[in-house]
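Okay, so here's the structure we're looking at.
Since we're looking at a predicted model, the values are computed, not measured.
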Amino acid sequence: TGAAVDLVVATSTLRGEGQQVYWWGTSYGTRVIQRALHVVPDLPTGVLLDGLVPADWTFSEHDLGVDAAGRALLSACAADPACADRFDAAPIEIAEAVIAAPRAACAEIGLDRRGIQTLTGRLIAAGDPYSALVPAVWHRLDRCDRADRRALEHLLGALDDEPLADSAVLAPVMERHLAYAELWDRAGPDLQDFETSLRLAVSTLGVSEAMAVQAPDWPVVPPRDEWRGVWPTTSVPVLALHGAFHPVVPLSRIGGFDGWLEGATQQVVRVPYAEAMALDRGPCGPELYRQFPVSYTHLRAHETVLDLV
């Protein structure tokens, strides 16, 4: 809420007379804007949200969200003959079989069950072009001959040599503090529940599990206010975009936005093949961004699920 108040104050202070102001939020920013709309419901001219985080989402869902994204990628592979023909069975069945019994030759290079989950989870979380490698990685993990091992070892080395996130902009302690304060289910599953879920996952990063381990010893967890987990009420135009391959929040989890954004100038758009941000995938996301400030009175004319094939 403190960050939301900062946004409200900055908008009110810097806005010129008669000036239009649009709030744009991605990922955690979509939660901050939800909270800011609690503070002052109709302050901005419009709101654009990309990569949605529901009002009641917590990091206890993170691991299974990565797994859902991995399964969505494999389902897309199954629907594409050029991809599916590389597998001897349904891609998701191959992945589940490999996780249940990793090939010994791959386990020798660190790709046991947990190593495989982490490798594919890292690729999914990094997004395109890394995530496009996921079906090919599963194909190699299934076969795991000498050439496959060399390719997989090269990939592991490349990922270690070139981190997939810019460490200069990360603040791990603050990130964890914010997560426990606002984005953690204090009465949620225990560590054993996470471990059980992870045994069945084909891809994950173990974030939920790690947070469950550390949560009891986190020194300070600030109190929560009455707006946590509650959708705001607003009449301003809102365009909310979410990718079908979002690496953490699956499409099945954003239904709350449909119930929240029911106004004539409010719309949720599901963007196939987009990942963390619709803006980064093809011409569709950028075009919706461009049109929004001038055409939000006609938002309901947009299809709620776009066909980019």
Side-chain angles (χ1 to χ4, degrees), residues 1-57 166 168-169 171 174-175 177-178 181-183 222-243 246 249 254 256-271 274 276-304 306:
T1 299
V5 171
D6 289 343
L7 176 60
V8 168
V9 171
T11 301
S12 302
T13 302
L14 300 176
R15 186 181 208 167
E17 184 176 354
Q19 186 176 26
Q20 294 187 338
V21 175
Y22 292 86
W23 285 348
W24 172 46
T26 67
S27 190
Y28 176 66
T30 70
R31 277 280 283 264
V32 173
I33 287 179
Q34 291 171 49
R35 192 61 58 86
L37 291 172
H38 276 295
V39 178
V40 183
D42 297 318
L43 180 61
T45 307
V47 170
L48 203 160
L49 307 175
D50 193 350
L52 307 176
V53 178
D56 57 349
W57 185 90
D166 183 358
V169 300
M174 179 170 287
E175 180 184 68
H177 188 66
L178 287 172
E182 178 74 13
L183 300 164
R224 293 170 171 171
D225 60 40
E226 70 277 11
W227 290 328
R228 183 185 177 276
V230 178
W231 296 96
T233 299
T234 182
S235 61
V236 302
V238 180
L239 176 60
L241 308 176
H242 198 74
H246 192 283
V249 181
I254 67 165
F257 284 89
D258 295 309
W260 171 39
L261 300 174
E262 296 182 318
T265 60
Q266 300 171 343
Q267 183 66 67
V268 181
V269 179
R270 293 159 172 82
V271 184
M277 289 177 59
L279 179 63
D280 295 334
R281 170 58 69 179
C284 173
E287 181 62 17
L288 287 174
Y289 270 61
R290 187 189 68 80
Q291 291 183 13
F292 176 60
V294 296
S295 64
Y296 57 72
T297 56
H298 306 294
L299 270 181
R300 287 291 171 182
H302 286 299
E303 293 292 332
T304 58
L306 302 179

Please report the shortest heavy-atom distance between Gln19 and Leu14, naming the atom on each side.
-> OE1-O, 3.9 Å
Heavy-atom distance under 4.5 Å between the side chains of Arg270 and Asp258, does that happen here?
-> yes
All side-chain contact (heavy atoms from CB on, under 4.5 Å) counterparts of Asp280, not counting sequence neighbours | Met277
Tell me, do Trp23 and Leu43 make a side-chain contact under 4.5 Å, heavy atoms counted?
-> yes
If you round to the nearest 0.5 Å, how far is CG of Leu49 from CH2 of Trp24?
-> 11.5 Å
Under a 4.5 Å cut-off applied to non-hydrogen side-chain atoms, are Pro237 and Val47 in contact?
-> no
What are the two closest non-hydrogen atoms of Arg224 and Ala181, and how far apart are they?
-> NE-O, 2.7 Å
When every non-hydrogen atom of Ile33 is compared with those of Gly25, the smallest separation belongs to CD1-N, 3.4 Å
Hey, does the side chain of His38 reach the backbone of Ala4 with a donor-acceptor pair shorter than 3.5 angstrom?
-> no
For the pair Thr30 (side chain) and Val53 (backbone), establish whether a donor and an acceptor sit closer than 3.5 Å, ignoring hydrogens and angles.
-> yes
Find out whether Leu48 and Tyr22 are in side-chain contact, i.e. whether some heavy atom of one side chain is under 4.5 Å from a heavy atom of the other.
-> no
Between OH of Tyr28 and CG of Leu183, what distance do you get to the nearest 0.5 Å?
-> 6.0 Å
Checking Gln266 side chain against Val236 main chain: does a donor-acceptor pair fall under 3.5 Å?
-> yes
From Leu52 CG over to Trp57 CH2, what is the distance, rounded to the nearest 0.5 angstrom?
-> 12.5 Å
Over all heavy atoms of both residues, which pair between Pro286 and Ala278 is shortest? Give the atoms and the distance, please.
-> CD-O, 4.1 Å
Min side-chain heavy-atom separation Leu37-Pro44 under 4.5 Å | yes
So which pairs with a foot in residues 26-39 pass salt bridge (Lys or Arg N to Asp or Glu O under 4.0 Å), sequence neighbours left out?
-> Arg31-Glu182, Arg35-Glu182, Arg35-Asp225
Validation row: Pro54, Phe257 side chains within 4.5 angstrom (heavy atoms) = yes
Evaluate the side chain to side chain contact (heavy atoms under 4.5 Å, CB included) criterion for residues Trp260 and Thr234: first the C-alpha distance (whole Å), next the side-chain angles of each, then the deciding distance (0.1 Å), finally the verdict.
-> CA-CA 9 Å; Trp260 171 39; Thr234 182; 4.2 Å; yes
Mark yes or no for whether Asp50, through its side chain, and Thr26, through its backbone, hold a donor-acceptor pair below 3.5 Å.
-> no
Inter-residue atom distance Thr45.OG1 - Arg15.CZ, 0.5 Å rounding = 4.5 Å
